[in-house]
A.B. asks: 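Pasting a structure here, questions to come.
Quantities reported herein were computed from a predicted structural model and do not represent experimental measurements.
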Amino acid sequence: MPEKTLFQRIADREIPSDMLYEDELCIVIRDINPKAPTHFLVIPRDPISTLDDLTEEDGPLVGHLLLVAKKVAAEEGLSGGYRAVFNCGPDAFQTVPHIHLHVLGGRKLGWPPG
Ligand code: AMP
């Protein structure tokens, strides 16, 4: 068995987190180092490393992650809008090699990002 990723260990409750939602396909946790007043991560249980590793078969899973992001954003009161972003690879500063959708809101977000 390959070593578990950080986010698998969080999903398996080996590492504590502030978990907002979970289902059979994904978990949602608050980011430990938030970049906005509200910042949570939507993480598939399947430890796909980066967006570049997705296949056609993952299409429904990615759609599910976006729908969960929308649902939790509403529950978190992000009625003024929010940003949902996957960092992919070193140029985007992806630090955890297990895909995760960042959802940020609660303030005006600059564009373009740095
Ligand atoms: P990225 O840089 O796109 O790979 O994002 C990884 C994110 O995971 C960062 O925003 C980190 O703050 C966050 N993170 C790292 N460790 C934890 C943890 N134990 N619990 C919650 N979020 C974490």
A.B. asks: Treating Asp58 as the side-chain partner and Thr55 as the backbone partner, does any N or O pair qualify as donor plus acceptor under 3.5 Å?
C.D. replies: yes

A.B. asks: Is there a path of hydrophobic side-chain contacts, each under 4.5 Å between heavy atoms, that joins Ile43 and Leu61?
C.D. replies: no

A.B. asks: If you round to the nearest 0.5 Å, how far is CG of Asp46 from CG of Asp53?
C.D. replies: 10.5 Å

A.B. asks: Could you state whether Tyr82 and Leu109 fall into the same hydrophobic cluster, counting links through intermediate Ile, Leu, Val, Met, Phe, Trp or Tyr residues with side-chain heavy atoms under 4.5 angstrom apart?
C.D. replies: no

A.B. asks: State yes or no: do Val96 and Ile15 share one hydrophobic cluster built from I, L, V, M, F, W and Y residues joined by side-chain heavy-atom distances below 4.5 Å, directly or via other members?
C.D. replies: yes

A.B. asks: Mind listing the closest non-hydrogen atom pair of Gln8 and Pro47 along with its distance?
C.D. replies: NE2-CG, 3.4 Å

A.B. asks: Are Tyr21 and Leu41 connected in a single hydrophobic cluster, I mean Ile/Leu/Val/Met/Phe/Trp/Tyr linked by side-chain heavy atoms less than 4.5 Å apart?
C.D. replies: no

A.B. asks: Could you walk me through whether Gln94 and Phe86 satisfy the side chain to side chain contact (heavy atoms under 4.5 Å, CB included) test, starting with their C-alpha distance in whole Å, then the side-chain angles of each, then the deciding distance to 0.1 Å, before giving a yes or no?
C.D. replies: CA-CA 8 Å; Gln94 181 180 358; Phe86 287 97; over 6 Å; no

A.B. asks: Could you work out the complete set of other residues in the hydrophobic cluster of Phe93, with links drawn between I, L, V, M, F, W and Y side chains under 4.5 Å apart?
C.D. replies: none

A.B. asks: Flag the pair Arg45 / Ile27 as yes when at least one side-chain heavy-atom distance between them is below 4.5 Å, and no otherwise.
C.D. replies: yes

A.B. asks: Got a list of side-chain donor-acceptor pairs under 3.5 Å for residues 101-108, not counting sequence neighbours?
C.D. replies:
{"unit_1": "His102", "atom_1": "ND1", "unit_2": "His39", "atom_2": "NE2", "d": "2.8"}
{"unit_1": "Arg107", "atom_1": "NH2", "unit_2": "Lys35", "atom_2": "O", "d": "2.7"}

A.B. asks: I need the Ser17 OG to Asp31 CG distance, nearest 0.5 Å.
C.D. replies: 11.0 Å

A.B. asks: What I'd like to find out is whether the side chain of Ile99 reaches to under 4.5 Å of the side chain of Phe7, using heavy atoms alone.
C.D. replies: no

A.B. asks: Measure the CZ-OG1 distance between Arg30 and Thr38 for me, rounded to the nearest 0.5 Å.
C.D. replies: 6.5 Å

A.B. asks: Can you give the donor-acceptor pairs under 3.5 Å from side chains of residues 63-72 to other protein atoms, not counting sequence neighbours?
C.D. replies:
{"unit_1": "His64", "atom_1": "NE2", "unit_2": "Asp23", "atom_2": "OD2", "d": "2.7"}
{"unit_1": "Lys71", "atom_1": "NZ", "unit_2": "Glu75", "atom_2": "OE2", "d": "3.0"}

A.B. asks: Out of curiosity, Phe40 CZ to Asp18 CG, how far, rounded to the nearest 0.5 Å?
C.D. replies: 12.0 Å

A.B. asks: Please examine the side chains of Thr5 and Ile10, heavy atoms only from C-beta on, and report whether any two atoms are closer than 4.5 Å.
C.D. replies: no

A.B. asks: Rounded to the nearest 0.5 Å, what separates atom CG in Leu51 from atom NE2 in His100?
C.D. replies: 10.5 Å

A.B. asks: If you compare all heavy atoms of Asn87 against all heavy atoms of Ala92, which two are closest, and at what distance to 0.1 Å?
C.D. replies: CG-O, 3.3 Å

A.B. asks: Using the rule that two of Ile, Leu, Val, Met, Phe, Trp, Tyr join whenever any of their side-chain heavy atoms come within less than 4.5 Å, decide whether Leu6 and Ile29 are in one cluster.
C.D. replies: yes

A.B. asks: Would you find more than 12 non-hydrogen atoms of other residues, nucleotides or ligands less than 6.0 Å from Glu57 atom CD?
C.D. replies: no

A.B. asks: Would you call Met19 and Arg13 a side-chain contact if the rule is heavy atoms closer than 4.5 Å?
C.D. replies: yes

